[in-house]
A.B. asks: 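Sharing a structure below in structure tokens format, with a few things to ask.
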Amino acid sequence: MNELSKAYNHAEVEDKIYKLWIDSGYFNPDNLPNAEKREPFTIIMPPPNVTGTLHIGHALFATIQDILTRFKRMQGKKALWLPGTDHAAIATQSKVEAELYKKEKKTRFDFSREEFLKMVEDYAQQSHDTIISQLKRLGASADWSREAYTLDEPRTLAVRTAFKTMYDDGIIYRGARIVNWDPKLKTTVSDDEIEYKQQTDPFFHFKYGPFEIGTVRPETKFGDKYVVMHPDDKRYQNYKHGQKIELEWINGPLTATVIKDEAADMEFGSGVMTITPAHSAIDFEIAKRHGLDIEQIIDDRGILLPIAGEFAGQHIKKARALIVEKLQKKGLLVKTDEGYIHNVATNSRGGGIIEPQIKEQWFIDVNREFPMRHSEIAGIKSGQMVTLKQLMRHVVQEGLIKIIPEHFEKIYFHWIDNLRDWCISRQIWYGHQIPVWYRASLPSPGVGEGSRERSDNQEIYCDITPPKGEGWTQDTDTLDTWFSSGLWTFSTLGWPIEKTIDFDHKLVDLVKTGSKIKTYRLTNKQVAVGETVTTHNSQSGQLFGYLKIKSVKQMTLGEIDLKTDGHEKYTDQQEFFNTFRNYYPALDVSANSPVWIYDFEYKNQPDLNLYHPTDVMETGYDILFFWVARMILMTTYHTGQIPFKTVYLHGLVRDKDRQKMSKSKGNVIDPLGVIDTYGTDALRFALIFSTAAGNDIPLSEDKIKGMKHFANKLWNISRYILMNLPANTKLQIPNLKPEPKTEADKEILSKLDAVIKSATKNLDDFHLHEAAQEIYQFAWHEFADVYIEASKKQLADTETKQNTEAILLHCLIAILKLLHPFMPFVTEELWGKLHPVKSGKAGQPSAEFNGVKEEKLVKNDDLLIVQDWPK
RNA sequence: GGGCAUUUAGCUCAGUUGGUUAGAGCGUUGCAUUCACAUUGCAAAGGUCACUGGUUCGAGUCCAGUAAUGCCCACCA
């Protein structure tokens with residue numbers, strides 16, 4: 001036994017302990033003691049973007065999720081915390097583009113798509129490695145063997161499968177709509193990614209025939225030939241809907257049409273406006289309502305089109321002043337208000353100012369009814385007609401998914417009620433390319449399975465793999481990053497689970513276990529060794545499990561020796577053949593029929609079956625809509641299950657003055673710097689101490705420092721106890737039964753009991769901060785301050801010496817266990833002082849303890865990480 | 001404009017279904033220290049629980065209203 005040093009030195013401990021855990025294999029739930037008997041508990045990690053390094057927000061989510069995972073693991077659950085990273089399409093690409101422009105003054109269009117993608121991938125890879133190693137430093141007990149990436153191969157299959165299914169259901173459609181166009185990144189962005197920024201601009205009042213109209217954007221006004229007013233506006237009651245008015249405008253005379261629409265605000269300005277349907281969402285709606293002409297004025301680079309007459313070809317930024325000047329010369333400028341404050345829509349992922357444009361894009365229809373293919377959701381039957389909106393509302397309203405804190409449920413409903421179709425196509429290059437191919441339509445029929453005829457003589461094909469034949473080109477757009485993120489809870493667990501095997505009655509294949517053929521099936525393709533196929537219940541279609549092919553043998557049916565190789569049910573060859581004939585009447589079964597005999601390994605609990613629906617989704621409230629809502633949408637639709645039972649939303653980490661942390665304010669706390677100075681445990685404890693779910697979290701260096709003191713206190717408590725106990729006592733820990741003799745004994749044991757019960761309940765209820773606080777209180781101010789002081793006298797008295805030793809040890813063990821989820825490193829290290837372990841695989845005996853070879857005493861499954869939670 | 005929250009000690013915040021004397025961390029003041037720990041211990045000061053009214057035997061907690069603050073959504077041509 002090594003003497004403990006006077007103070008806890010995290011730097012010496014953390015790497016060593018993390019390696020011990022990795023070597024034990026316990027982060028992978030399949031390796032846990034009695035794994036097969038454990039109930040699953042699953043958290044899928046919200047994948048950090050591969051756009052840089054770890055910040056304090058990552059430290060927070062990693063801490064909370066690790067606490068929950070470690071707690072459940074100790075409670076005997078088959079605890080899976082599945083990690084991953086997100087390619088964050090638009091954010092990553094724009095970051096690389098910004099760097100490129102800064103360094104070389106080049107844009108992505110100076111490279112080929114492949115060259116550019118290579119650069120983005122290199123950046124993403126490097127960023128990924130940094131983030132993963134940083135998560136490990138936080139003590140994350142995630143199962144790295146299952147790590148996923150939103151852009152890796154299994155996820156690509158999931159994305160394409162999801163797209164095709166929704167396309168076939170008519171949920172995904174392509175249409176020309178007004179979309180948020182970012183001329184800077186040259187892509188659309190979804191409504192949720194828009195960020196409004198306040199801006200001050202001149203506001204112009206122009207004479208428009210008999211009316212006065214106002215605008216900040218004269219450059220959009222060329223095509224304005226509709227003048228809109230509220231039907232109840234008394235000032236304009238003499239003008240009739242549809243009335244034509246001749247007037248003089250920018251480039252000459254124009255015939256304007258009066259439109260009465262309630263969208264016009266009588267309070268604003270003159271109460272009259274002209275509309276630009278091609279470049280304003282509201283105007284577009286008005287135009288559609290009245291069946292008006294829609295004309296594009298500005299192209300997607302911000303250049304004026306021929307409709308602008310003499311201004312055509314100019315950039316809108318330059319043209320504005322010239323247009324105003326011209327209108328002024330024509331006497332149409334009434335006045336200019338300088339300093340008009342208004343909001344401008346910008347792209348929050350890259351900063352460009354949004355120019356609404358009408359473009360052909362891909363959308364997910366949230367209001368279209370479709371038959372639910374398969375449902376395990378209470379209150380929704382398989383085959384029932386539903387919409388995505390209804391599904392999203394239902395699972396939260398019925399309490400199938402619980403959101404913590406609860407008031408976010410109201411915000412969630414409010415969002416759903418205002419939800420419009422989700423634009424999922426982006427014109428950037430980094431991401432999942434849309435699995436749709438086009439070619440000019442051929443007169444002959446005979447198009448493939450995934451193809452559809454289109455009215456514009458363009459053939460369109462959607463499938464997981466490219467179409468066969470000449471002349472197909474793939475859609476150049478990529479998918480919104482949240483499309484793949486929406487699949488995250490189930491794509492990480494192996495969905496779509498099976499390789500579909502199409503039956504076409506050409507070959508017979510048999511699968512066997514051991515020497516006996518157990519089942520047979522018909523396929524049109526040979527399955528290779530190492531591949532995995534699935535078996536289903538032929539009636540219900542429910543998944544049984546995976547068959548992993550170990551070997552393949554080809555022969556004819558007649559060659560099968562029923563005695564050694566035969567199906568277990570049959571001894572007579574004719575009877576064997578007859579069974580095939582009954583099953584597959586269309587097949588001409590004879591002794592010459594070719595067969596493939598597969599030897600396989602059967603796995604009947606694939607991850608998806610076992611770990612999905614997951615238990616907890618832990619993430620920031622700021623991505624409730626972006627992500628949580630989209631996961632609910634995608635998961636209910638594709639799997640007929642809920643993605644998770646509980647959504648735990650944490651707040652933003654702020655500084656001690658409640659200010660947002662930002663580089664420009666210089667108040668950023670770098671988690672890695674803090675870890676170096678104070679240790680991971682101190683940072684983790686500071687992050688959850690006194691912070692309730694959903695509230696923003698004030699964090700200061702003083703607080704972290706205080707928690708380092710606590711780690712040290714724990715160290716010294718252990719040190720005191722170890723110094724006062726004879727070595728052989730330590731070996732008998734399981735046999736020690738604390739028997740209270742004094743008042744102090746009774747008091748501490750009853751308080752321990754109370755804190756165990758309360759902390760357990762609080763952890764079960766996701767009140768992590770309260771659990772942390774009461775354990776802290778107990779350890780420091782009850783156990784250390786009171787009982788340890790009392791123990792000094794009790795240990796000196798032979799009457800009370802033994803029970804005091806037992807109680808000290810009993811309490812210490814309980815405290816180490818209770819604190820382990822919160823402060824994993826220091827507790828594991830101290831536990832190791834009680835139960836020394838050698839690194840090695842789980843279950844291997846440790847060779848040495850206390851200088852004595854005691855092979856049978858200590859095993860690696862004595863690591864604290866897998867101890868039973870105290871009761 | 002619509003919605004959602006917050007208001008408790010000097011500061012930052014807990015306080016789960018109503019129930020003794022409202023708690024913690026940091027900070028402040030005094031004392032102690034050959035003791036496992038000065039990264040310590042003991043003690044103290046500090047609160048009209050934003051305000052007004054109501055329900056109740058009893059309200060920080062429930063209800064209504066007022067005020068201040070913060071966030072989200074929509075967005076004005």
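Quick note: numbers below take in every heavy atom, side chains included, and nothing from hydrogens, waters or symmetry partners. Remember, predicted model here, so these are calculated numbers, not experimental data.
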A.B. asks: Aromatic rings A:Tyr8 and A:Trp715: how do their planes relate, parallel, tilted or perpendicular, breaks at 30° and 60°?
C.D. replies: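 Plane angle between 30° and 60°, so tilted.
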A.B. asks: When the ring planes of A:Phe685 and A:Phe689 are compared, do they come out parallel, tilted or perpendicular, using 30° and 60° as the limits?
C.D. replies: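 Ring orientation of A:Phe685 relative to A:Phe689: tilted.
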A.B. asks: With sugar-phosphate meaning primed atoms plus P, OP1 and OP2, does A:Lys793 contact a base, only sugar-phosphate, or nothing at under 4.0 Å between heavy atoms?
C.D. replies: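 The residue A:Lys793 makes no contact with any strand.
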A.B. asks: Looking at B:C26, does its base get a donor-acceptor pair with the side chain of A:Lys703 below 3.5 Å?
C.D. replies: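 Answer is no: no donor-acceptor pair is held.
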A.B. asks: Under 4.0 Å, heavy atoms only, any strand: does A:Lys6 hit a base, just the sugar-phosphate, or nothing?
C.D. replies: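 If one applies the 4.0 Å heavy-atom cut-off, A:Lys6 turns out to touch the sugar-phosphate alone, with no base involved.
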A.B. asks: Suppose we call a contact any N or O donor and acceptor under 3.5 Å apart; does that hold for the side chain of A:Glu774 and the base of B:A14?
C.D. replies: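 There is none.
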A.B. asks: Any idea which of B:C72, B:A24, B:G2 is nearest the A:Gln777 side chain?
C.D. replies: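 Nucleotide nearest to A:Gln777's side chain: B:A24.
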A.B. asks: Between A:Lys705 and A:Asp702, is the closest basic N to carboxylate O distance under 4.0 Å?
C.D. replies: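 No, A:Asp702 and A:Lys705 are not salt-bridged.
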A.B. asks: Within the structure shown, what part of the strands sits under 4.0 Å from A:Gly651 by heavy-atom distance: base, sugar-phosphate, or nothing?
C.D. replies: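 Result for A:Gly651 = nothing.
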A.B. asks: Considering every strand and a 4.0 Å limit on heavy-atom distances, what is the contact class for A:Phe413: base, sugar-phosphate, or nothing?
C.D. replies: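 Answer is nothing: A:Phe413 stays at 4.0 Å or more from every strand.
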A.B. asks: With a 4.0 Å cut-off on heavy atoms, is A:Ile788 in touch with a base, just the backbone sugar-phosphate, or nothing at all?
C.D. replies: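 Base contact.
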A.B. asks: With sugar-phosphate meaning primed atoms plus P, OP1 and OP2, does A:Tyr776 contact a base, only sugar-phosphate, or nothing at under 4.0 Å between heavy atoms?
C.D. replies: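 Result for A:Tyr776 = sugar-phosphate.
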A.B. asks: Please state whether the rings of A:Phe710 and A:Tyr776 are parallel, tilted or perpendicular, taking 30° and 60° as the class boundaries.
C.D. replies: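 If you compare the ring of A:Phe710 with that of A:Tyr776, the planes turn out tilted.
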A.B. asks: Taking B:A64 as the reference, what is the distance to B:U55 when you measure between their P atoms (whole Å, please)?
C.D. replies: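 Going atom to atom, P in each nucleotide, I get 15 Å.
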A.B. asks: Name the nucleic acid region contacted by A:Glu267, choosing base, sugar-phosphate or nothing; use a 4.0 angstrom heavy-atom cut-off, strictly under.
C.D. replies: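 If one applies the 4.0 Å heavy-atom cut-off, A:Glu267 turns out to touch nothing in the nucleic acid.
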A.B. asks: Would you kindly compare A:Thr215 and A:Asn418 by the position of their nearest RNA chain B nucleotide and give the one closer to the 5′ end?
C.D. replies: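 The residue whose closest nucleotide sits nearer the 5' end is A:Asn418.
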